[in-house]
S.K.: 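For reference, the structure I am asking about is given below.
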Amino acid sequence: MKNRKNHRRSPKTVAATFALLPFYLFVLIFVLGPLIYMLALSFMTRDGWDAIGTFTLDNYVRIFDPVYIHTVIESLKLACISTALVILIGYPFGLCCAFLPGKWPSFFRWGQMLPYFVNSLLRLVGWIIILRANGLLDMLLMKLGITEEPLRLLYTYPAVIIGMVYVLLPLMFLSVQQVALQLDHTLIEASRDLGAGPVRTFFSVILPLTLPGLKTGILLSFIPSMGLFFIAAILGGNKVVLLGSLIEEQLLRAHNLPFAAALSVFMMLLTGLVSFLLLEHKRKGLK
Amino acid sequence: MTDTKTATPKIHTPILCVENLYKAFGDTEVLRDLSFTVASGEFLTILGASGCGKTTLLRILCGLETADSGHIRLDGKDITDAAPEKRPVNTVFQSYALFPHMTVFDNIAYPLRLRKIPKAERTVRVREMLELVQMSGYEKRYPAELSGGQKQRIAIARALVGTPKVLLLDEPLGALDFHLRRRMQTELKRIQKSLGITFVYITHDQEEALNMSDRIAIMQGGHFVQLDTPSVIYNSPANTDTARFVGESNLLPASLLSVCEEKNTALVALSGQRLSVRIGSYPITRLKQLPKDTPVTLSIRGETLQIADAIPVPSPENGICLCGTVTETALTGGIQRTTFTEDSTGISLTTARYGMASTLSAGQRISCILNHDAAVLCLNAKQNIPSPDIQEGMPK
């Protein structure tokens with residue numbers, strides 16, 4: 001009885017289905033279409049500037065060539081380091097800001113979002129001025145007597161990590177703060193009242209309850225960090241090659257479309273796997 | 001101010017002593033030199049309107065707020081500056097504050113886990129608690145899967161599992177419906193009696209206070225106006241506010257004739273008749289200083305005003321007769337209330353009696369008998385408060 005009631009479609013539901021039709025079509029044409037095309041392309045053979053429809057697995061086999069697999073591993077390493085730094089900086093920051101009184105949380109939220117009004121490439125060029133030899137950072141550190149020689153950070157591995165953290169930090173901050181703002185503070189008080197000190201309360205109550213925000217933050221930082229090739233290009237001077245840089249290079253410079261497609265599919269599988277592991281865990285945890 | 005000397009707790013060992021507690025938020029004084037003692041195993045209710053400072057008092061007792069001055073002693077130890085986790089005091093929060101990511105079992109086991117009590121013992125004690133609050137079999141549920149009343153029981157179990165010396169309850173039944181509230185009142189009393197733990201219960205509901213407490217503290221403007229047993233609070237309210245706040249009360253002006261100290265009564269003139277009234281909580285030394293014919297206020301409970309069915313001949317030995325015109329009759333839950341305007345004073349009085357059969361209607365003449373010593377003298381609320389510039393409805 002109950003089922004039948006649920007299955008009966010009211011005129012409203014029918015209307016809603018039709019109203020959503022343009023959206024379905026949009027997704028089909030602009031999202032699913034290119035993905036299918038890319039998947040097909042990754043099994044094709046290169047033919048000069050183009051690809052011909054001869055089925056092959058060579059593109060995938062080639063990924064495991066020491067030259068390329070090295071880039072994949074380096075890229076994963078960089079993603080892990082920058083995500084870890086983003087967690088270490090963004091999580092406490094987002095959490096603390098949520099506990100501030102009055103308008104402070106929204107002040108910091110706007111502060112974090114403000115740079116997004118400027119093109120990200122422009123912002124990275126700004127970092128060049130800061131990080132270059134005898135740039136702002138070097139000048140400041142030498143003035144303060146912390147270093148004696150310029151660090152010459154630009155076009156090094158740390159510079160790329162700084163850029164990554166800079167770009168990804170707001171995503172972590174915002175998703176953590178969002179969840180932390182919804183945290184019921186009486187739960188913290190209850191934990192203290194029941195005999196838990198501040199540290200214990202953090203690990204037993206605050207961390208588990210803000211974990212969804214932290215996980216969202218990790219997903220939002222880890223997935224793009226595999227492919228932010230322009231950071232590596234601008235701040236790393238192409239000395240640091242990411243999986244994203246590799247795809248860009250294969251696509252725009254080597255014009256190897258099938259191999260670029262295979263690398264893209266591989267990257268999607270990799271990030272998809274990370275997301276799956278995080279989300280699967282999430283489902284088991286909180287009710 | 002507070003006459004604790006008439007209080008008669010059943011067990012006399014004090015467990016909680018609060019001395020001269022003072023707290024202000026900015027310019028607002030929330031607690032003003034509050035002092036009281038709670039006996040071991042006692043059920044003390046702090047009753048007050050919202051904003052009287054009762055929640056702040058509770059938060060200071062459990063350590064979530066610090067007092068500006070004053071001391072709190074628990075079982076002989078000064079805990080004024082102790083962190084909340086270091087106090088053998090637990091709280092049942094108004095919003096229950098159950099951990100949403102933990103099962104019922106884990107919620108209750110939380111204080112035990114913190115004390116590193118072995119798993120086997122933990123399980124036994126959680127089971128015991130669940131049995132006590134009649135929630136056995138709910139171990140694996142999450143708080144989101146429980147009803148309000150069930151959450152309440154789990155919150156009580158979690159606060160009690162660590163056997164605190166004092167359990168603080170912050171309007172725990174506020175969010176429950178009428179019938180559940182009644183049932184939980186009985187439950188709470190049963191739990192308290194069976195464990196012998198001291199309860200400090202905060203509420204704005206006078207019915208809860210009268211039902212469960214060994215003693216009630218009436219809180220107003222940051223201090224206790226009266227701290228006594230429910231029957232004393234009901235029969236001899238400290239001031240007119242208390243009289244109105246606990247139960248329903250008719251307040252009538254009268255003029256003082258004489259004081260009879262041996263019988264603890266006073267003779268007053270009310271609508272041209274002489275009536276003997278109880279002195280109650282009125283300070284007798286102050287009363288004796290008052291000259292003859294000073295206006296005083298009487299508190300008359302509705303049920304002590306008896307409607308005379310025939311026109312009575314008021315016999316001066318038994319009491320007096322108050323006549324008037326009925327303005328309103330109401331039948332609520334088996335109690336019949338009749339409001340009438342008294343002839344000589346023009347004041348509205350309400351009588352209450354059991355039964356649903358009312359023959360009275362508005363406009364009818366009525367006469368009521370008020371026996372000697374049924375009414376009680378009552379201080380005017382303003383006289384009772386030490387500071388003259390007290391504002392009504394102190395903000396929290």
Side-chain angles (χ1 to χ4, degrees), chain A residues 2 87 91-92 94-96 98-104 175-219 277-287, chain B residues 55 58-65 82-104 106-117 140-146 151 154-164 166-172:
Chain A
K2 216 168 85 189
I87 294 170
Y91 180 74
L95 197 63
C96 291
F99 285 103
L100 290 173
K103 289 216 182 286
W104 285 107
S175 48
V176 169
Q177 199 202 30
Q178 198 53 42
V179 175
L181 278 173
Q182 287 163 10
L183 186 68
D184 182 0
H185 287 205
T186 35
L187 294 177
I188 298 164
E189 290 181 345
S191 170
R192 299 287 306 272
D193 182 69
L194 291 166
V199 177
R200 189 63 204 250
T201 298
F202 173 77
F203 284 107
S204 298
V205 178
I206 300 173
L207 184 63
L209 289 175
T210 50
L211 208 56
L214 183 62
K215 280 176 179 169
T216 313
I218 293 173
L219 280 184
L277 289 175
L278 271 170
L279 292 173
E280 189 55 25
H281 190 67
K282 193 183 200 168
R283 207 173 304 152
K284 268 186 259 165
L286 262 177
K287 276 262 172 182
Chain B
T55 299
L58 184 116
R59 289 177 63 83
I60 290 174
L61 290 179
C62 65
L64 293 170
E65 204 91 62
E85 63 267 24
K86 298 271 190 293
R87 301 179 183 211
V89 169
N90 286 344
T91 311
V92 177
F93 292 87
Q94 193 172 8
S95 59
Y96 317 132
L98 296 177
F99 302 125
H101 59 297
M102 294 184 196
T103 59
V104 163
D106 290 337
N107 261 286
I108 302 176
Y110 188 71
L112 303 176
R113 255 196 2 246
L114 294 171
R115 289 188 211 168
K116 302 193 170 62
I117 284 167
K140 292 201 176 93
R141 299 272 193 108
Y142 280 88
E145 300 166 323
L146 301 176
K151 280 184 201 165
I154 300 306
I156 292 165
R158 187 181 66 175
L160 283 171
V161 75
T163 52
V166 174
L167 184 75
L168 307 173
L169 302 104
D170 183 11
E171 302 202 22

S.K.: Given that the side chain runs from C-beta out, which part of B/V92 has a heavy atom under 4.5 Å from chain A: side chain, backbone, both or neither?
M.R.: neither
S.K.: Can you list the steps and then say if B/F99 with A/S191 is a side chain to side chain contact (heavy atoms under 4.5 Å, CB included)?
M.R.: CA-CA 9 Å; B/F99 302 125; A/S191 170; 3.9 Å; yes
S.K.: State, with a plain yes or no, whether a side-chain heavy atom of B/E85 is found less than 4.5 Å away from one of A/P198.
M.R.: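 The answer is yes; the side chains approach within 4.5 Å.
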S.K.: State which residues pass ring-ring contact (aromatic ring centres under 6.0 Å, His included) with A/F99; sequence neighbours excluded, sorted by chain then number.
M.R.: A/H185
S.K.: Between chain A and each of B/C62, B/A97, B/S95, count heavy-atom pairs under 4.5 Å; write down the option with the most.
M.R.: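 Heavy-atom pairs under 4.5 Å are most numerous for B/A97.
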S.K.: Considering only heavy atoms from C-beta outward, does the side chain of A/R200 approach that of B/R113 to under 4.5 Å?
M.R.: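 They are in contact (side-chain heavy atoms under 4.5 Å apart), so the answer is yes.
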S.K.: Mind checking the OG1-CG spacing from A/T186 to B/D170? Nearest 0.5 Å is all I need.
M.R.: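 Between atom OG1 of A/T186 and atom CG of B/D170 there are 10.5 Å.
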S.K.: Kindly compute the distance separating CG (B/L168) from CG (A/D193), expressed to the nearest 0.5 Å.
M.R.: 7.5 Å
S.K.: From A/L187 CG over to B/F93 CZ, what is the distance, rounded to the nearest 0.5 angstrom?
M.R.: 9.0 Å
S.K.: Which heavy atom of B/H101 sits nearest a heavy atom of A/L209, and at what distance?
M.R.: ND1-CD2, 3.4 Å
S.K.: Considering only heavy atoms, which portion of B/R59 lies under 4.5 Å from any heavy atom of chain A: side chain, backbone, both, or neither?
M.R.: side chain
S.K.: If every non-hydrogen atom of B/M102 is compared with every non-hydrogen atom of A/S204, which pair is closest and at what distance?
M.R.: CE-O, 3.8 Å
S.K.: List the atom of B/Y110, the atom of A/T201, and the distance in Å for their closest heavy-atom pair.
M.R.: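 Heavy atoms only, the tightest pair is OH-CA, 4.4 Å.
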S.K.: Please round to the nearest 0.5 Å and tell me the distance separating atom CG of B/L64 and atom CD1 of A/I188.
M.R.: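 If we round to the nearest 0.5 Å, B/L64:CG and A/I188:CD1 are 11.0 Å apart.
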